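Taking it in order: structure first as structure tokens, then the write-up.
Note that the structure is a prediction, hence the values are computed from the model and not measured. Computed over heavy atoms, backbone and side chain alike; hydrogens, waters and symmetry mates excluded.
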Amino acid sequence: MTDSLPPQYDPSTVEAKLYRWWLDRGLFRPGPGEPYVIMMPPPNVTAQLHMGHGLNLGIQDVLIRFERMRGRAALWLPGTDHAGIATQNVVEKLLAKEGLTRFDLGRPAFVERVWAYVRETGDTILEQIKSLGASCDWDRTYFTLDQGLSDAVREVFVRWYEKKLIYRGKYIINWCPRCLTALSNEEAEKEEVDGKIYRFRYPLEDGSGTITIATTRPETLLGDTGVAVHPKDKRYRKLIGRRVMLPLTDRSIPVVADLAVDREFGTGAVKLTPAHDPLDFEIAARHGLAAIDVMTPEARMAETVPERFQGLDRFEARKRVVAELEALGLVERIDPHRHAVGHCYRCETVVEPRLSDQWFVKMAPLAKPSLEAYESGRLKFIPERRGTEYARWMENIRDWCISRQLWWGHRIPVWYCEAPRCGAVSASRTDLTRCPKCTGPVHQDEDVLDTWFSSQLVPFSSLGWPARAADLDRFYPGHTLVTAPEILFFWVARMVMSGLETQKALPFTTVYLHGTVRDTLHRKMSKSLGNGIDPLDVVAQYGADALRYTVIGGLAVGTDVILDPADLESSFSTGRNFANKLWNMGRFLLSNLEGPVRPLAGKAESAVEKSELALVDRWILARCETTVVEATDAYENFRLNDAAGAIYRFLWNDLADWYLEAIKPRLYGEQAGGDVARAVAAQVFDVALRLLHPIMPFITETLWKRIPGRHPDWSISVAPWPRSDRRAADPCALDEFGALQELVGAVRSIRAEYNVQPGHAVRVFVTEPGEKVQAAIRAMRPTIERLARLSALSLGNGTGAEAEGGAHAVLQDGTAVTVPLGDLVDLGKECARLKAEADRLDQLVGGQEKKLANEQFVSRAPADIVQKERDKLVQWRDQIAVLADKRGRLGCTG
RNA sequence: GGGCGAUUAGCUCAGCUGGUUAGAGCGCUGGUCUCACAUACCAGAGGUCGGGGGUUCGAGCCCCUCAUCGCCCACCA
């Protein structure tokens with residue numbers, strides 16, 4: 001068996017093949033049973049896999065595999081998002097290389113071009129996801145532009161339109177002058193920038209003076225249609241109702257009074273540009289002031305401004321306006337000013353607030369039940385604090401601008417009647433060719449819907465809704481949603497709203513928001529910064545298991561994952577080494593498990609009797625039980641790093657370092673009980689592999705399949721989850737074996753201290769052993785001798801040979817350990833070592849005596865705590881006494 | 001401008017409701033190619049738990065405050 005397994009694990013020879021095998025066996029399709037559903041956040045169809053995906057997908061796969069093994073009908077549903085702006089941008093960039101724009105192609109040809117691109121590259125991200133081992137049900141893969149999902153979009157749009165939840169109107173929206181489309185509030189990301197605040201004087205029309213306004217965007221001056229002041233502002237009261245000349249133009253504009261003006265800010269006088277500022281728009285509306293749009297869609301100055309400004313970029317125009325005002329002596333002051341400015345979340349261009357006709361979803365009615373779901377506890381967030389963010393957003397919700405001036409996406413299903421007398425506006429589930437009211441000719445709205453309008457529906461649209469579908473009945477509502485906090489509002493909140501509105505049920509009950517993958521400077525990994533780590537490189541170099549172990553194991557709930565792109569080795573070697581360790585544990589065990597292995601429990605004749613178990617067997621079984629309980633609890637509560645840690649420690653520090661080493665003589669027939677050891681080892685290894693499988697699916701499957709007695713068709717991915725067995729919990733075994741470990745450790749330390757040759761066996765005298773040490777020696781003497789490399793272990797009486805020059809250690813319970821090393825021992829050094837140890841204990845004792853002498857402590861602290869502290873004091877004094885005795889015998893001075 | 005989180009070993013992080021001598025991985029030092037594994041084994045060094053104050057018999061953990069970093073929200077032009 002060993003011959004067929006090389007000493008180093010090579011994931012590349014295993015993972016792809018194994019993944020294929022899982023798929024062929026249909027193991028990722030939900031079986032019978034109680035459903036457990038996770039909707040994968042659909043990656044953009046043009047996306048390339050990055051570490052953020054790695055983290056996100058890793059977590060989901062752990063959860064879905066865990067529940068699958070627990071017998072749930074686990075469905076992890078994958079798909080891709082058509083990603084309106086992002087995809088259109090990608091294809092437009094490709095066109096630009098050919099010197100073309102989308103307008104050169106025209107809409108139908110451009111859309112066809114995007115489809116061609118998507119058909120060609122759309123599967124890339126899905127294939128990349130597979131290389132991570134993601135156990136999705138690929139048979140159900142969707143794309144948000146699929147017919148069924150498009151039907152869902154229209155169904156929801158028309159329903160909401162009919163319910164008056166969707167409306168069209170002229171409002172100030174966020175406009176990206178590069179993407180040439182409106183953006184929602186969420187898509188316009190506020191960023192603090194260092195700008196300037198300018199104070200300009202506007203002369204009164206009658207020449208009797210000036211009024212000074214403050215602005216951060218001088219170029220919008222050209223679109224001013226008024227100046228507003230607070231009605232109670234004494235400085236300006238007498239100016240209300242009068243008119244000022246708008247500099248650089250020949251227009252005069254009124255001074256109005258409005259409560260929305262903040263007297264404290266700036267000069268207390270606001271210039272009103274209703275077409276380019278939401279507040280100005282509101283104020284202007286109240287006072288019947290016109291709005292003048294002074295910019296083109298590209299944010300160049302439009303024909304509505306004086307000719308010399310026309311065509312200038314807005315920032316050029318800003319300089320020009322300031323310069324001209326300066327020349328006119330109308331600039332009072334320019335001060336630095338830090339403020340938040342909206343940026344396009346796709347291209348980071350500074351967003352221009354702009355007045356235009358757009359479609360909106362009325363959010364308040366949808367938000368109400370969504371907030372209620374959270375407040376009643378039906379919807380939970382992990383970590384909890386994310387819930388308050390969600391609630392605050394719901395409470396302050398604003399209407400959602402859903403129209404986008406793009407060509408790629410779901411076209412708004414609204415048709416306008418062209419008959420002059422009718423002019424009906426009709427929303428329809430099916431394409432219209434004539435007006436339903438007057439049968440006149442119609443044309444469809446030019447805009448498409450925000451991508452998130454369709455992705456908010458995937459929890460049910462991907463299951464077949466609005467058609468009647470068995471999947472929908474079975475898998476809606478789902479359970480856990482795992483995503484990055486960035487899209488809490490974009491996506492998560494809206495899924496909740498649309499789910500509650502259309503399905504009358506929450507799409508999921510728990511939202512797990514994980515952290516962000518960052519570099520060592522805590523910067524988000526991104527292409528533009530060049531600080532990314534390509535997960536595919538990691539998979540190729542270290543294996544998917546290593547990648548998964550790294551991101552899962554280094555991840556406390558809700559915290560960021562910091563990785564160093566310049567040093568993959570330090571990040572991923574732990575996972576790779578762990579896989580390799582497992583591989584070699586497997587090689588060792590499997591080569592020793594040939595032939596029948598006795599069952600550990602059950603009615604079979606050959607079943608191992610409890611009385612046959614050695615101390616070390618009972619110990620590893622107890623540790624295994626502890627690990628089952630810890631890991632299961634951790635998985636259940638999303639503490640995946642705790643699960644990973646508990647399993648790692650069990651496998652490496654307990655099973656490999658101690659148990660396997662301890663049973664070697666039994667396996668080799670040098671000691672009795674080999675068949676029991678094999679039975680125990682097989683059992684705990686099996687259990688641990690199953691516990692680890694959600695995190696490291698490939699290596700665990702590879703090894704698990706090789707355990708003798710497995711049917712070749714069995715897969716660990718659907719093996720039953722290990723059950724806790726209280727009978728295996730054996731505190732006595734844990735204590736006694738713990739004493740054994742301490743004893744062995746003490747001898748090893750002495751050996752290292754004195755540079756004893758590793759091959760050289762030493763004698764050891766143990767005097768005044770504590771109960772546990774005695775029990776351990778009684779039960780496991782040959783094992784101790786082996787692990788500590790002893791030629792003999794004698795229970796001495798504290799006199800005679802063992803008292804002569806040797807190296808000494810004192811265990812916690814006062815057991816004295818003496819290793820006679822003859823000439824090797826440097827007496828001075830030994831005395832110093834013992835003294836240092838005694839001094840350390842003296843300090844502890846000092847503190848402890850003080851603590852126990854404190855009346856307050858003794859009377860107020862719980863009795864069991866006090867007793868524990870007393871025990872400690874006794875123990876330490878004991879150790880000190882033994883140390884003193886040793887030092888006396890060695891003739892130490894000082 | 002509001003709200004929230006973080007600050008523990010050189011690095012990345014654990015440390016659950018306050019009560020063992022504060023832990024892990026990597027890195028570092030010393031020793032080993034011991035018949036599963038040098039991607040390993042054994043031993044070890046390294047921390048006044050960001051500063052200050054407080055509550056308590058007892059604080060890494062609770063409270064206040066300061067500092068630094070980060071996140072979310074926000075129509076003060």
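At a threshold of 4.0 angstrom between heavy atoms, the contacts of A:Tyr754 with the nucleic acid are absent. Heavy atoms of A:Lys872 sit under 4.0 angstrom from primed sugar atoms or phosphate atoms, though from no base atom. Here A:Arg199 lies out of heavy-atom contact (under 4.0 Å) with every strand. Within the nucleic acid shown, A:His760 has no heavy atom closer than 4.0 Å to any nucleic acid atom. Residue A:Ala579 is out of contact with every strand shown, counting any heavy-atom pair closer than 4.0 Å. Contact annotation for A:Trp393: no contact, since no heavy-atom pair falls under 4.0 Å across all strands. In this structure, A:Asn592 reaches neither bases nor backbone, as no heavy-atom distance under 4.0 Å exists between it and the strands shown. A:Ala228 comes within 4.0 angstrom of no nucleic acid atom, judged by non-hydrogen atoms across all strands. Looking at heavy-atom distances under 4.0 Å, A:Pro862 makes contact with a base. Across all strands, A:Glu661 comes closer than 4.0 Å to base atoms (heavy-atom distances).
The backbone N or O of A:Met696 sits nowhere less than 3.5 Å from a side-chain atom of A:Arg548 that would complete a donor-acceptor pair. Of the possible donor and acceptor atoms, none in the side chain of A:His337 sits under 3.5 Å from a partner among the backbone N and O of A:Tyr198.
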Intra- and interstrand pairs of RNA chain B - dot-bracket, Watson-Crick/G-U under 3.5 Å, | marks other strand: (((((((..((((.....[...)))).(((((.......))))).....(((((..]....))))))))))))....
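A salt bridge is absent between A:Arg392 and A:Glu389: the closest approach of a Lys/Arg side-chain nitrogen to an acidic carboxylate oxygen does not fall below 4.0 angstrom.
Distance A:Tyr9 OH to B:C37 P: 18 Å, rounded to the nearest Å. In this structure, CD of A:Glu742 is placed 13 Å from P of B:A43, rounded to the nearest angstrom. Rounded to an integer number of Å, the gap from A:Leu355 CG to B:C75 P is 18 Å. Summarising the geometry, the separation between OH on A:Tyr202 and P on B:A77 is reported as 15 Å, rounded to the nearest angstrom. Summarising the geometry, the separation between CZ on A:Arg789 and P on B:U34 is reported as 9 Å, rounded to the nearest angstrom. Between the CG atom of A:Leu852 and the P atom of B:U20 there is a distance of 13 Å, given to the nearest Å. In this structure, A:Glu192 atom CD and B:C73 atom P are separated by 13 Å, rounded to whole Å. Between the CG atom of A:Leu5 and the P atom of B:C37 there is a distance of 12 Å, given to the nearest Å.
Comparing the C1' positions of B:U55 and B:G15 gives a spacing of 23 Å, expressed to the nearest Å. The same atom, C1', is picked in B:G52 and in B:A59; the two are 15 Å apart, to the nearest Å. Between B:C72 and B:C26, the two P atoms lie 34 Å apart (nearest whole Å). The same atom, C1', is picked in B:A14 and in B:C4; the two are 22 Å apart, to the nearest Å. A distance of about 27 Å separates the C1' atoms of B:U68 and B:G25, rounded to the whole Å. The P atoms of B:G47 and B:A22 are separated by 13 Å, rounded to the nearest whole Å. With both ends at atom P, the span from B:G3 to B:C64 equals 13 Å, rounded to whole Å. Atom C1' of B:G70 sits at a distance of 26 Å from the matching atom of B:C75, rounded to the whole Å.
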Distances for protein N/O vs nucleotides 23-32 of chain B N/O pairs under 3.5 angstrom?
from  : atom 1 : to       : atom 2 : distance (Å)
B:G25 : O2'    : A:Thr574 : OG1    : 2.7

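Closest contact between the side chain of A:Ile562 and the listed nucleotides B:C13, B:C72, B:G19 involves B:C13. Closest to the side chain of A:Leu844, out of B:C75, B:U21, B:A36, is B:U21. Comparing B:C37, B:C73, B:C75 by their nearest atom to the side chain of A:Phe489 picks out B:C73. Of the candidate nucleotides B:A36, B:U20, B:C71, B:C71 has the atom lying nearest to any side-chain atom of A:Arg386. The side chain of A:Arg748 approaches B:C42 more closely than any other nucleotide in the set B:C42, B:G5, B:U20. When each of B:C13, B:A14, B:A74 is scored by its nearest atom to the side-chain atoms of A:Arg398, the top-ranked nucleotide is B:A74. Distances from the side chain of A:Pro278 to the nucleotides B:A77, B:C75, B:U12 place B:C75 closest.
Taking A:Ala260 as the reference, A:Asp258, A:Leu279, A:Ile283, A:Arg286 meet the side chain to side chain contact (heavy atoms under 4.5 Å, CB included) condition, with sequence neighbours excluded.
In this model, no side-chain donor or acceptor of A:Gln8 finds a partner on the base of B:A40 within 3.5 Å.
Of the listed residues (A:Trp393, A:Tyr390, A:Tyr345), just one forms a ring-ring contact (aromatic ring centres under 6.0 Å, His included) with A:Phe489, and that residue is A:Trp393.
A perpendicular orientation is assigned to the rings of A:Phe588 and A:Tyr668, their planes being inclined by more than 60° (bins at 30° and 60°). Ring-plane geometry between A:Phe381 and A:Tyr374 is classed as perpendicular, the angle between the planes exceeding 60 degrees on a 0 to 90 degree scale with a lower cut at 30. Between A:Tyr648 and A:Phe578, the two ring planes are tilted [angle within 30° to 60°].
The side chain of A:Arg392 places no N or O atom within less than 4.0 Å of a non-bridging phosphate oxygen (OP1 or OP2) of B:G2.
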